[in-house]
Protein chains: 2
Amino acid sequence: MARLSDIIEEFLKSLINKEQGAVEIQRNELANMFNCVPSQINYVISTRFTTDKGYYVESRRGGGGYISIKRINIESAGDYLMHIISSVGDKISQHTCEIFIKNFVDYDIIEEREAKLMKAATSDKVMTDVPLDKRDSARATILKNMLMSLTID
Amino acid sequence: MARLSDIIEEFLKSLINKEQGAVEIQRNELANMFNCVPSQINYVISTRFTTDKGYYVESRRGGGGYISIKRINIESAGDYLMHIISSVGDKISQHTCEIFIKNFVDYDIIEEREAKLMKAATSDKVMTDVPLDKRDSARATILKNMLMSLTID
DNA sequence: CTATTTGACTATCCCTGACTATTATAAATT
DNA sequence: AATTTATAATAGTCAGGGATAGTCAAATAG
């Protein structure tokens, strides 16, 4: 018996296909459709529509709130970028990260200014609120999310 | 999904563009136009046309009252960035952050792609390694550091 | 053990309306 | 004519309600 989360995952994926790569849903509505608690939708999204798997998720609360899921555009992504995203791993040091970013510029994946932004966002300087043992992990998350954002639209 | 406040915001912004940076409206008239209570106009203005976001608002009550909204005149992008950097507090929510970033695009301070990077780097999605009570603080740090990086040649 | 499911609690956003504050103008008073 | 008072026409404030989504940890399933 397929678990409910798998069913919801399939439903969303086929919806994304039908809608050319992007859907906007309402959490409660979807939960209602599948007779589950709303937070299960969060579970499905956080386990199956992650950055690593090629999805970009945004949401908003309050009246008219929504959750939007976008699939990255493989065409515009470029093999190198996709390769990087999948090869960055769960952790990355500041130094390694800077080397990556420099390479992106060399390969004309990003502009100089974009490189500045990326370095600024992944610098140890901004990690003061992150526990020491999680900084390389946080850095990898930020780096990958930034790269992923460039592959959309 | 179409939040009325967003629609009113867009309406005002396009009006401001058309009128070269300044508009004068009447609260009741505008409220009437959008079938909402007058105080919603205050809500829109106080959440979207603040000083920090580059707008200057004046008003007058009584007969012939009005609300005037002016876009701040920016001499240089650098000045504006410095202004923003110093006005972003120690904490910032994801949504407020997105509004800031949207404004940078409106003001031609940054490109669309740069906006994507900044949003990606300050999204709640990347804060999983940051303790909950420190996420807004971490976000503010990242945002300011990115902005700072743009002011340097 | 790991993955899933659940639900109680929290956070955020928008919209509303009752009440308040201010201003201009007309009317009344001096 | 000047001043004061009353009235109408605005705009501002704030707390509350409804509509969403997020988080986390306990319970359950596989």
Side-chain angles (χ1 to χ4, degrees), chain A residues 1-12 23-50 53 56-69, chain B residues 1-12 23-51 53 56-69 91-100 102 122-139:
Chain A
M1 183 182 94
R3 282 147 297 175
L4 185 52
S5 287
D6 292 337
I7 296 172
I8 296 174
E9 174 188 5
E10 278 316 307
F11 173 80
L12 285 174
V23 291
E24 191 170 297
I25 55 166
Q26 297 211 284
R27 193 181 73 150
N28 288 350
E29 198 177 279
L30 192 60
N32 227 350
M33 226 161 117
F34 289 99
N35 281 307
C36 64
V37 293
S39 56
Q40 183 153 7
I41 306 304
N42 296 87
Y43 176 72
V44 172
I45 286 173
S46 66
T47 56
R48 287 140 161 99
F49 293 90
T50 62
K53 297 191 170 101
Y56 191 67
V57 179
E58 290 174 302
S59 68
R60 186 162 180 180
R61 310 184 191 192
Y66 62 83
I67 299 176
S68 100
I69 308 175
Chain B
M1 239 71 65
R3 284 151 249 107
L4 186 53
S5 289
D6 290 340
I7 295 171
I8 296 174
E9 174 190 4
E10 279 314 307
F11 173 79
L12 286 174
V23 291
E24 191 169 298
I25 54 167
Q26 296 211 286
R27 194 181 72 149
N28 288 350
E29 197 178 281
L30 192 59
N32 226 354
M33 216 162 126
F34 288 100
N35 279 308
C36 64
V37 293
S39 57
Q40 183 154 5
I41 305 304
N42 297 88
Y43 175 73
V44 172
I45 287 173
S46 66
T47 54
R48 287 137 161 106
F49 293 91
T50 62
T51 305
K53 291 168 191 125
Y56 185 66
V57 178
E58 288 174 304
S59 68
R60 190 165 192 176
R61 310 183 190 191
Y66 61 86
I67 300 175
S68 100
I69 308 175
K91 294 177 168 188
I92 188 170
S93 72
Q94 176 181 346
H95 186 55
T96 307
C97 191
E98 281 181 9
I99 292 173
F100 269 117
K102 190 159 161 252
T122 54
S123 151
D124 261 339
K125 296 290 170 217
V126 304
M127 297 292 169
T128 44
D129 290 311
V130 185
L132 200 56
D133 60 330
K134 291 188 172 167
R135 291 186 184 174
D136 285 353
S137 158
R139 190 181 350 263

If you only use heavy atoms from C-beta on, which nucleotide in C:dT16, C:dT4, D:dT23 is closest to the side chain of B:L132? D:dT23

Residue B:V37, side-chain atoms from C-beta onward, closest of C:dC15, D:dA21, C:dG17: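 Given the options C:dC15, D:dA21, C:dG17, the side chain of B:V37 is closest to C:dG17.
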
Can you tell me if the side-chain N/O atoms of [X] get under 4.0 Å from OP1 or OP2 in [N]?
| X | N | result |
| --- | --- | --- |
| A:S5 | C:dA3 | no |
| A:T47 | C:dA3 | no |
| B:Q40 | C:dT16 | yes |
| B:R135 | D:dT23 | yes |

Hey, does [X] reach any base, or is it just sugar-phosphate, or nothing, if we go heavy atoms under 4.0 Å?
| X | value |
| --- | --- |
| B:I41 | nothing |
| B:Y66 | sugar-phosphate |
| B:G65 | sugar-phosphate |
| B:I67 | sugar-phosphate |
| A:N28 | sugar-phosphate |

With hydrogens left out and only the distance checked, is there a donor-acceptor pair under 3.5 Å joining A:R3's side chain and the base of D:dG30? no

Is it the case that D:dG22 (base atoms only) and A:S39 (side chain only) share a donor and an acceptor within less than 3.5 Å, ignoring hydrogens and angles? no

Send over the distance from [X] [atom1] to [N] [atom2], rounded to a whole Å.
| X | N | atom1 | atom2 | result |
| --- | --- | --- | --- | --- |
| B:K91 | C:dA11 | NZ | P | 11 Å |
| B:I69 | D:dA11 | CD1 | P | 12 Å |
| A:Q26 | C:dC13 | CD | P | 16 Å |
| B:I45 | D:dT13 | CD1 | C1' | 14 Å |
| A:N42 | D:dA25 | CG | P | 15 Å |
| A:R27 | D:dT20 | CZ | P | 11 Å |
| B:I7 | C:dC15 | CD1 | C1' | 13 Å |
| A:R61 | D:dA21 | CZ | P | 10 Å |

Check whether B:K125 reaches the backbone of A:E58 with its side chain - one donor and one acceptor, N or O, closer than 3.5 Å. no

Closer to the 5' end of DNA chain C via nearest nucleotide, is it A:N35 or B:Y43? A:N35

Under the side chain to side chain contact (heavy atoms under 4.5 Å, CB included) criterion, do A:Q40 and A:F34 qualify, and how do the steps go? CA-CA 10 Å; A:Q40 183 153 7; A:F34 289 99; over 6 Å; no

Between B:G62 and B:D124, which residue's closest nucleotide on DNA chain D lies nearer the 5′ terminus? B:G62

For residues B:T122 and B:Q94, report the shortest heavy-atom separation together with the two atoms involved.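 Scanning both residues completely, I find the closest heavy atoms to be O-CG, 4.4 Å.
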
What's the shortest heavy-atom distance between B:V130 and B:R135, and which atoms? O-NE, 2.9 Å

Is the shortest heavy-atom distance from the side chain of B:D6 to the side chain of B:R48 under 4.5 Å?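 In short, these two side chains touch, coming nearer than 4.5 Å.
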
So that I can tick it off, tell me whether B:K102 and B:E9 are bridged by a salt bridge, with the cut-off set at under 4.0 angstrom between side-chain N and carboxylate O.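 Salt bridge present between B:E9 and B:K102.
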
